[in-house]
Structure formats: structure tokens, C-alpha cells
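If you read the sequence from its start, that first residue is 1, and numbering goes on from there.
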Amino acid sequence: MGNSLVEKIDTLISRLESMRANIYPDDWDADPLYDVIRELRRITAEEKEKQQEALS
């Protein structure tokens, strides 16, 4: 996954977080957006780690 794709996913995460902030209370975690954001963060973290390992 290229860096620009990771950046696009990070942008999408930000948009989803803004949507959640307008729909649910701050500490709410029982909504589908929460799970989607968590999975997208996991995916980008894995890809960032792979990119760092490739540079080493």
C-alpha cells in the first residue's frame, strides 16, 4: 500500500471521526463507525510499519 493510499485512509478516518462527533457522545463506542475507524487505523498502522521495515 503506497504512502498516498495510507494518507487517503487517514483523511477518511478524520472524516468519519467528525461524523461520529456530530452523531454520538464522545465516549460512545457502540456504533458501526467506531468499528470501521478502529479497523482502518489497524490497517494503516500495519502498512506504516511495513513501510518503515522496508526502509531499514
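- Note: I9 CD1 to S4 OG = 10.0 Å, rounded to the nearest 0.5 Å.
- Going from atom CD of E7 over to atom OG1 of T44 covers 11.5 Å, rounded to the nearest 0.5 Å.
- R42 contributes atom CZ, which lies 9.5 Å from atom CD of E47 (distance to the nearest 0.5 angstrom).
- Rounding to the nearest 0.5 Å places CG of D10 at 9.0 Å from CG of L40.
- Between K50 and E46 there is no salt bridge, since none of the side-chain N atoms of the basic residue sits less than 4.0 Å from a carboxylate O of the acidic one.
- Between L12 atom CG and K8 atom NZ the span is 11.5 Å, to the nearest 0.5 Å.
- For residues 27-37, the set of pairs meeting the side chain to side chain donor-acceptor pair (under 3.5 Å) definition, not counting sequence neighbours, comprises R20-D31, D35-R38.
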